[in-house]
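Quick note: numbers below take in every heavy atom, side chains included, and nothing from hydrogens, waters or symmetry partners. Naming convention: chains lettered A, B, ... in sequence-line order (proteins, then strands); numbering from 1 in each chain.
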Amino acid sequence: MNQYKSEFLKVLQERGFIHQMSNAEALDALCAKETVTAYIGFDCTASSLHVGSLVQIMMLYWFQQCGHRPITLMGSGTTRVGDPTGKDESRKVLTDEIIEANKNGIKQVFEKFLTYGDGPQDAMMLDNADWLLKLNYMEFLRDVGRYFSVNQMIQRDSVRLRLEREQHLSFLEFNYMLLQGYDYLEIHRQTGCRLQMGGSDQWSNILSGVDLGRRLADEELFALTTPLLTTASGAKMGKTAAGAVWLNPDMLSPYDYWQFWRNTEDADVERFLKLFTILPMEEIARLAALEGAGINEAKKVLATEATAMLHGREAAEAAAETARKAFEEGASAAGLPTVMIARSELEAGIGVLGLYVTAGLCASNGETRRNIKGGAVKVNDKAVTDHSATISFENVAEDGTIKLSLGKKKHVLIKPV
RNA sequence: GGAGGAGUGCCCGAGUGGCUAAAGGGGGCGGACUGUAAAUCCGCUGGCUAUGCCUACGUUGGUUCGAAUCCAACCUCCUCCA
């Protein structure tokens, strides 16, 4: 194991953030010596980031904690072009308005992890639209394109694999590394940034910027990537029943976010504690040593700590308490996701089928029907067997809500208003 | 520009005139077992005002009693040649 001198790389190393690095010794020396500026780029393809980006965000968090200056780059310029990676699906073109809205949605998350401001260690936010949209093709080719060797570009994994498999690679995609490389150069010029980080799939794109820095700015820039995150059983991180695990609370409630972490596979607990919580390493070692059912203890800590990072301590504790009541006492706990419903509708009586759809537990009446057949539907903890059953005021429990369950884990409260 | 090939449900992939809401697998959901885990086993996996109706095999038309399957045009993608 390498022994790093800088606090930042030490932390990254022991927590498992590092996949690849360019010139580790020099980067280590730089981080140990002075306040370094680093950036990570994020695309604006959705109105919220999801857990897939969390490793990157945590890395920026540690970067700042270690006394450096992080930059979050919003890729609204590159998003406008549209990332052509998907091979047979022509991505829908996002309008400027949507991109702008997405950008604003994504921004909120960074503020939970980073401190922005004008101080030397305060985080900055940039947007590559500010320079990319102004690019002139001829100038760009002449000033930047000349330094890119096609011979080298086709050696890069991202390109080579596509060529070897005889898969289509459009010129637009081929240019992507030029744009991202140019971003790095531009950011370096504007801020003195010396390090770009990202997921392992970004490695070659980052290196393009490193090359450009050496050629055009006569400066050594650095690259650092994180491992691609999958669960121990090989699935991609970030998908649940309801879809992606979003970071914005209006897209995924803190309770559901807590549940996501609570359901971590045994084999992933230690790795996730290191990556997604800021607990001291000794504490993580203690939790990781738990065995059998004791691992549940570690999972609860993971869930609460990870949720606290994103949604705040209070929301995390509340989610933990709600879960405790719902799962360990079997009680209908206030704090479960709640759906409001008009009093008048309830007075008239609502069919179970539709109610489950309204509550967001099922996608269609047919799906509810199937779930009833499978014995998964419970209202106020009583199994429903008749799909023509209607729910009305009689079903409102003492606490003023109706508890709908789907399976053992998913519960929603219906509240008349 | 020329020749050839391909487009099927969330994904992969079978299907070449009725038995096809479409094999099989993956994924997902539910159940059993457990520890709100993994692995394993079982069931489900288009919609609806539901013994019926509607939508669906790239798009639009056509042939036929009947089309994912045949024909035409178009769109998109791939391969090879120039």
J.: Looking at Asp130(A), is its backbone amide N or carbonyl O close enough to the side chain of Lys134(A) to form a donor-acceptor pair, meaning the two atoms are under 3.5 Å apart?
T.: yes

J.: Rounded to whole angstrom, note down the P distance from C81(B) over to G9(B).
T.: 32 Å

J.: Report the nucleotide, chosen from U36(B), A37(B), C29(B), that has the shortest atom-to-atom distance to any side-chain atom of Asp266(A).
T.: A37(B)

J.: Classify the ring geometry of Tyr184(A) against Tyr39(A): parallel below 30°, tilted from 30° to 60°, perpendicular beyond 60°.
T.: perpendicular

J.: Round to the nearest Å and state the distance from Ile295(A) atom CD1 to U36(B) atom C1'.
T.: 14 Å

J.: U60(B) and U8(B): how far apart are their P atoms, nearest whole angstrom?
T.: 16 Å

J.: Show me the protein contacts with nucleotides 47-54 of chain B, counting only N or O atoms at under 3.5 Å.
T.:
| from | atom 1 | to | atom 2 | distance (Å) |
| --- | --- | --- | --- | --- |
| G47(B) | OP1 | Ser364(A) | OG | 2.7 |
| G47(B) | OP2 | Arg370(A) | NH1 | 3.2 |
| C48(B) | OP1 | Asn365(A) | N | 3.0 |
| C48(B) | OP2 | Gly366(A) | N | 2.9 |
| U49(B) | OP2 | Asn365(A) | ND2 | 3.3 |
| A50(B) | N6 | Arg369(A) | NE | 2.9 |
| A50(B) | N6 | Arg369(A) | NH2 | 3.1 |

J.: Using the P atom on both, measure C44(B) against G24(B) and round to a whole Å.
T.: 11 Å

J.: Just by modelled atom types, is the Gln121(A) backbone N or O under 3.5 Å from a matching donor or acceptor in the Gln64(A) side chain?
T.: yes

J.: Quickly work out the Glu265(A) CD to U36(B) P distance and round it to whole Å.
T.: 16 Å

J.: Between the main-chain N or O of Asp183(A) and the side-chain N or O of Asn128(A), is there a donor-acceptor pair closer than 3.5 Å?
T.: no

J.: Could you run through RNA chain B and flag its stems, i.e. three or more consecutive Watson-Crick or G-U pairs with both distances under 3.5 Å?
T.: B:1-7 with B:75-81, B:10-12 with B:24-26, B:27-32 with B:40-45, B:46-48 with B:52-54, B:58-62 with B:70-74

J.: Between G26(B) and C42(B), how far is it from one P atom to the other, in whole Å?
T.: 12 Å

J.: Is the phosphate of U34(B) approached by Lys408(A) (side-chain N or O, under 4.0 Å from OP1 or OP2)?
T.: no

J.: Write down the distance separating the P atoms in U63(B) and C11(B), rounded off to the nearest Å.
T.: 33 Å

J.: Taking only nitrogen or oxygen atoms into account, show me every contact under 3.5 Å that the protein makes with nucleotides 21-27 of chain B, one pair per line with its distance.
T.:
none

J.: Can you tell me, in whole Å, how much space there is between the P of U20(B) and that of G52(B)?
T.: 16 Å

J.: Consider the side chain of Lys410(A), meaning its heavy atoms from C-beta on, and name the nucleotide among G35(B), C29(B), A37(B) that approaches it most closely.
T.: C29(B)

J.: Nearest whole angstrom, please: distance from the C1' of G30(B) to the NE2 of His411(A).
T.: 14 Å

J.: Please confirm whether the backbone N or O of Ser392(A) pairs with a side-chain atom of Glu347(A), one donor and one acceptor, at under 3.5 Å?
T.: no

J.: Using the C1' atoms only, state how far C48(B) lies from A38(B), rounded to an integer number of Å.
T.: 39 Å

J.: In this structure, how many angstroms lie between the C1' atom of A37(B) and the CG atom of Leu302(A), rounded?
T.: 13 Å

J.: Is Asp268(A) reaching over with its side chain to a backbone N or O of Thr264(A), donor-acceptor style, under 3.5 angstrom?
T.: no

J.: Hydrogens and angles aside, do Asp122(A) and Thr115(A) bring a side-chain donor and acceptor to less than 3.5 Å of each other?
T.: no

J.: Measure the distance from OH on Tyr356(A) to C1' on C29(B) and round it to the nearest whole Å.
T.: 14 Å

J.: Side chain of His19(A), backbone of Ser200(A): donor and acceptor closer than 3.5 Å?
T.: no

J.: Would you classify Lys299(A) as touching base, sugar-phosphate or nothing, given that sugar-phosphate means primed atoms plus P, OP1 and OP2, and contacts are heavy atoms under 4.0 Å?
T.: base

J.: Just by distance, do the side chain of Tyr356(A) and the backbone of Ser405(A) share a donor-acceptor pair under 3.5 Å?
T.: yes

J.: Quick one: Ile372(A) CD1 to G43(B) P, roughly how many Å, whole number?
T.: 21 Å

J.: Taking the six-membered ring for Trp and the single ring otherwise, decide whether the centroids of Tyr116(A) and Phe110(A) are under 6.0 Å apart.
T.: no

J.: Scan Gly292(A) against the nucleic acid and name what it touches under 4.0 Å (heavy atoms): base, sugar-phosphate only, or nothing.
T.: base

J.: Within a 6.0 Å radius of atom NZ on Lys112(A), are there more than 12 heavy atoms belonging to other residues, nucleotides or ligands?
T.: yes

J.: Nearest-Å distance, CG (Leu361(A)) to P (G30(B))?
T.: 10 Å

J.: Nearest nucleotide by nearest heavy atom, which residue falls closer to the 5' end of RNA chain B, Glu291(A) or Gly407(A)?
T.: Gly407(A)

J.: May I ask you to verify if any side-chain N or O of Lys373(A) is less than 4.0 angstrom from the OP1 or OP2 atom of U45(B)?
T.: no

J.: Ignoring the backbone of Lys409(A), work out which of U36(B), G35(B), A38(B) is nearest its side chain.
T.: U36(B)

J.: Are the side chains of Ile341(A) and Ile402(A) in touch, meaning some heavy atoms are under 4.5 Å apart?
T.: no

J.: Rounding to the closest angstrom, what is the interatomic distance between U69(B) and U64(B) at atom C1'?
T.: 13 Å

J.: Could you tell me the separation between the CG atom of Asn263(A) and the P atom of U34(B), rounded to a whole number of Å?
T.: 18 Å

J.: Tell me which of Trp258(A) and Leu406(A) sits closer to the 5' end of RNA chain B, going by the nucleotide each one is nearest to.
T.: Leu406(A)

J.: May I ask you to decide whether Arg286(A) forms a salt bridge with Glu283(A), counting only side-chain N to carboxylate O separations under 4.0 Å?
T.: yes

J.: For the ring pair Tyr257(A) and Trp246(A), is the centre-to-centre distance below 6.0 Å?
T.: no

